[in-house]
Amino acid sequence: MRWTKSLIPTMKETPADAEIPSHQLMLRAGLIHQLMAGAYTYLPLGWRSIQKAANIIREEMDRADAVEMLMPALQPIDLFDRTGRNEDFGSVLIRLEVARGDRKVQMALGPTHEEVITDLMARHINSYRQLPITLYQIQTKFRNEERPRFGVLRTSEFLMKDAYSFASTLEQLDESYQAMYDAYCRIFKRCGLPYIPVEAESGPIGGDASHEFMIPAENGEDQIVYCESSGYAANLERAETGRKQPDLSAAENPQELREIDTPKVGTISEVCTLLKCQPEQMIKTLIYLADEKPVAVLLRGDHEANEGKIRRALNVESLEMADEATIEKVTGAKIGFAGPVGIGCPIIADHDVPAIKDAITGANKTDTHYTGVNIARDYQLTETFDLRNAVQGDPCPKSGEPMNLVHGIEVGHVFKLGTKYSDALGADFLNEHEKRESIIMGCYGIGVNRIVAGLAETSHDENGLIWPISIAPFEVILIPLKTNDEELMQVANKVYAELQDQGVDVLMDDRKARPGFKFKDADLIGIPYRIVIGGKGLQEGIAEVKGRTDDQPEKIPLDDVVAHVCNLVQKAKDELNG
RNA sequence: CGGGAUGUGGCGCAGCCUGGUAGCGCGCUUGACUGGGGGUCAAGAGGUCGCAGGUUCAAUUCCUGUCAUCCCGACCA
């Protein structure tokens with residue numbers, strides 16, 4: 001491609017609306033243009049990178065025996081009603097009402113395609129002999145984001161690769177899942193992305209049924225917990241801690257239990273301000289309804305409840321925060337004054353609670369707190385549980401070493417679905433014993449534009465983007481310094497044509513501009529290799545070749561420059577693929 | 001949806017408090033000089049000051065409403 005024939009609107013200044021590096025750089029490098037909040041045009045350079053990512057995904061999906069197809073973005077709302085997701089999605093689902101003669105047809109823009117593909121399989125799969133099978137597509141998805149942000153990382157319209165596996169047995173599901181998991185690892189490696197597969201909250205199947213693929217990045221929206229020594233990694237909702245049950249006997253030399261007036265002071269931070277204490281000294285008491293029955297959950301004041309863990313510890317189906325009336329009934333006080341001492345419902349506590357000596361907590365009496373609250377004397381526990389989100393430094397459940405807490409960008413998700421959708425939509429098959437069974441499903445997503453945005457976010461320097469060869473919009477940028485020098489342009493055109501013949505993606509900056517200007521732009525858009533043909537070099541019979549992150553260019557005889565650069569490109573590719 | 005901020009040429013901003021002529025830098029056009037890390041000089045083009053209403057002789061400026069965008073939070077199969 002010649003620069004003058006393309007649309008590459010680079011910018012020297014950073015648009016005021018862009019906050020994080022990937023957004024700023026993608027705008028400045030002319031990759032994207034914002035149409036409205038959460039909707040971006042991919043300009044020629046940006047689209048080339050997206051296509052490169054998509055092709056890598058395609059190759060690896062095909063290698064894993066998944067089969068590509070394309071489903072409509074327009075979907076009948078009826079399908080979502082049948083799986084209950086019309087309600088579940090809420091405002092995220094973009095609904096349309098379309099006139100068809102005198103009727104109104106209700107439809108939605110597909111946020112994902114479980115319904116569509118399960119319906120398809122319900123009509124075409126009859127026998128276990130047709131299973132297993134994995135199908136995929138690369139297609140635009142629509143999800144109304146209440147708050148789009150971070151440029152292209154969180155938009156209402158985005159490109160996604162979604163794959164769905166269909167199995168007759170759990171063993172088949174496991175095989176398909178593993179094949180997708182392995183394919184994902186290869187995909188992200190080939191894209192040059194640092195990634196961490198983390199355990200994620202699993203659905204109906206339980207166990208090891210869901211992994212998210214995360215790019216570690218400061219601006220990531222997700223939090224992941226990982227242990228370097230054991231390799232354990234999980235998202236915050238899922239992460240276990242290796243904490244043990246502490247001593248539940250009485251503390252030595254406890255303070256006496258005292259009641260204190262705390263009028264209208266109900267939150268942890270308000271109490272801390274009033275009593276000049278730290279949240280770590282407080283016992284947070286949350287009243288939940290577990291299978292409709294009230295239960296008090298005790299946490300240290302600075303910790304966050306993890307409802308998944310609480311549900312599992314209580315072994316209940318449903319768990320929700322109790323309503324005001326229930327809280328008042330159980331505690332005998334208004335909201336904000338609950339505590340374990342003399343509360344009118346069962347209590348369950350996190351491992352860290354008994355260790356709080358002389359704790360401060362609600363007194364189950366409006367406008368009143370207790371100080372000097374201690375285990376055994378003032379409240380009793382027979383065991384404790386892991387009920388909270390992990391925090392930096394918690395021991396790893398595998399190694400016991402302290403774990404790290406980092407932010408990440410979710411680029412992929414693999415998930416064992418089970419039979420939720422096949423049950424709802426009647427996707428079943430006849431097994432070898434002529435018994436009807438529901439197809440067992442898995443689903444596997446990759447955010448294609450998050451691959452590109454994730455790279456922009458994590459791979460750049462003060463001069464601009466730094467693409468890995470596999471995702472770079474062009475592999476090589478060729479810069480003739482004097483576009484009005486006919487002899488020089490002839491040589492440049494020859495190199496350009498030869499590189500193209502060799503299958504190298506080359507961008508020739510044929511603009512009439514000063515050298516410095518072109519160098520700055522070349523660095524900004526981050527093309528991995530740069531060839532410069534200048535007047536002096538031409539007289540010496542050499543071109544200059546420089547890697548994006550090299551300090552100095554290398555002088556290469558003009559006759560060898562094509563072979564030399566082809567070699568560099570191939571080596572860079574081999575490194576990512578190997 | 002709660003809280004905060006901002007809308008002035010393609011981009012970045014000033015002007016507004018204290019009403020009266022719309023300004024700067026970058027970019028763009030033309031020419032000359034230049035020519036290896038975002039050049040210099042000269043001459044130009046480009047604006048319903050987000051939109052609507054109100055106050056006023058007069059509104060970019062004051063008032064009301066509205067829309068949009070961004071940030072923090074809630075939400076995110």
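Numbered from 1 within each chain, the chains take letters A, B, ... in sequence-line order. All values reported here derive from a predicted model rather than from experimental measurement.
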Aromatic ring proximity H211(A)/Y181(A), centre distance under 6.0 Å: yes
Short side-chain donor-acceptor distance under 3.5 Å, S438(A) and D428(A): no
Flag side-chain contact, heavy atom, 4.5 Å: I133(A) against M121(A): yes
Distance, rounded to the nearest Å, where D485(A) contributes CG and G36(B) contributes C1': 15 Å
Sugar-phosphate only, base, or nothing, as touched by N463(A) at under 4.0 Å among non-hydrogen atoms: nothing
Spacing between H23(A) atom NE2 and U69(B) atom P, to the nearest angstrom: 12 Å
Flag if over 12 foreign heavy atoms under 6.0 Å of CD, Q392(A): yes
Residues, nucleotides or ligands: over 12 heavy atoms within 6.0 Å of E304(A) CD: no
Base G37(B) paired with R530(A) side chain (donor-acceptor, <3.5 Å): yes
C1'-based separation of C24(B) from G15(B) [nearest Å]: 10 Å
base_contact_polar (G37(B) base, D523(A) side chain, donor-acceptor, <3.5 Å): yes
CD on E457(A) to CD1 on I215(A), rounded to 0.5 Å: 9.0 Å
Of residues 26-45 of chain A, the positions that come close to RNA chain B - non-hydrogen atoms, cut-off under 4.0 Å: R28(A), Q34(A), M36(A), A37(A)
RNA chain B-proximal residues of residues 539-561 of chain A, any heavy atom under 4.0 Å: E544(A), K546(A)
Euclidean distance for P, C28(B) against C71(B) (whole angstrom): 29 Å
Interatomic distance, L43(A) atom CG to L27(A) atom CG [nearest 0.5 angstrom]: 9.0 Å
Base-pairing assignment for U6(B) (Watson-Crick or G-U wobble, both under 3.5 Å): A68(B)
Between the protein and nucleotides 49-51 of chain B, which nitrogen or oxygen pairs come in under 3.5 angstrom?
none

Atom-to-atom span, CD of E146(A) to P of C72(B) - whole angstrom: 16 Å
For A74(B), the Watson-Crick or wobble counterpart (both distances under 3.5 Å): none
E320(A) CD to Y288(A) OH distance, which is reported to the nearest 0.5 Å: 10.5 Å
Out of C70(B), C72(B), G37(B), whichever nucleotide has its closest atom nearest the side chain of K520(A): G37(B)
Least distance between heavy atoms, Y444(A) atom then S165(A) atom: OH-OG, 2.7 Å
Any donor-acceptor N/O pair, N493(A) side chain to M489(A) backbone, under 3.5 Å: yes
Rounded interatomic separation in angstrom, taking CE from M160(A) and P from A77(B): 12 Å
More than 12 heavy atoms of other groups within 6.0 Å of E270(A) CD: yes
For atom CD1 of I8(A) and atom P of G27(B), their distance in whole Å: 18 Å
Positions of residues 67-81 of chain A (non-hydrogen atom under 4.0 Å from RNA chain B), listed by number: none
For A42(B), the Watson-Crick or wobble partner whose two distances fall under 3.5 Å: U30(B)
Nearest-0.5 Å distance that lies between atom CG in L25(A) and atom CD1 in I466(A): 10.0 Å
Interatomic distance where CZ belongs to F519(A) and C1' belongs to G35(B) [whole Å]: 11 Å
Interatomic distance, Y496(A) atom OH to M508(A) atom CE [nearest 0.5 angstrom]: 6.0 Å
Spacing of F517(A) atom CZ relative to C28(B) atom P, expressed in whole Å: 6 Å
Pairing partner of C62(B) (Watson-Crick or G-U wobble, both distances under 3.5 Å): G54(B)
Any strand: nucleotide that pairs with G12(B) via Watson-Crick or wobble, under 3.5 Å: C24(B)
Closest-nucleotide ordering on RNA chain B, the 5'-leading residue of R149(A) and K12(A): K12(A)
Show each protein N/O and nucleotides 4-13 of chain B N/O combination with a separation under 3.5 Å, one pair to a line.
residue	atom	partner	partner atom	Å
C11(B)	O2	E13(A)	OE1	3.3
G12(B)	OP1	A16(A)	N	2.9

Rounded distance in Å between the P positions of G25(B) and A59(B): 29 Å
Identified pairing partner of G19(B), criterion: Watson-Crick or G-U wobble below 3.5 Å: none
Qualifying residue, where the test is side-chain contact (heavy atoms from CB on, under 4.5 Å) with V545(A) and the options are D550(A), V476(A), V561(A), V532(A): V561(A)
Atom CZ of R123(A): over 12 foreign heavy atoms under 6.0 Å: no
Parallel, tilted or perpendicular, as decided by the 30° and 60° cut-offs, for the rings of Y195(A) and F188(A): tilted
Distance below 4.0 Å between R514(A) side-chain N/O and G39(B) OP1 or OP2: yes
Spacing between R143(A) atom CZ and A77(B) atom C1', to the nearest angstrom: 7 Å
Sugar-phosphate only, base, or nothing, as touched by N484(A) at under 4.0 Å among non-hydrogen atoms: base
P atoms of U61(B) and G2(B), separation to the nearest Å: 27 Å
Any pair counted as side-chain hydrogen bond (donor to acceptor under 3.5 Å, both in side chains), so long as it reaches residues 476-489 of chain A, sequence neighbours left out: none
Separation between CG of L465(A) and CD1 of I525(A), rounded to the nearest 0.5 Å: 9.0 Å
Evaluation steps, side chain to side chain donor-acceptor pair (under 3.5 Å), between Y184(A) and H413(A): CA-CA 9 Å; Y184(A) 275 35; H413(A) 197 166; over 6 Å; no
Integer angstrom distance from the C1' of G4(B) to that of A74(B): 15 Å
hbond_proxy R147(A) side chain to A74(B) base (donor-acceptor, 3.5 Å cutoff): no
P spacing across the pair C70(B) / G54(B), given as an integer number of angstrom: 32 Å
Integer angstrom distance from the C1' of G73(B) to that of G37(B): 44 Å
Distance between C1' atoms of U56(B) and G38(B) (Å, rounded): 48 Å
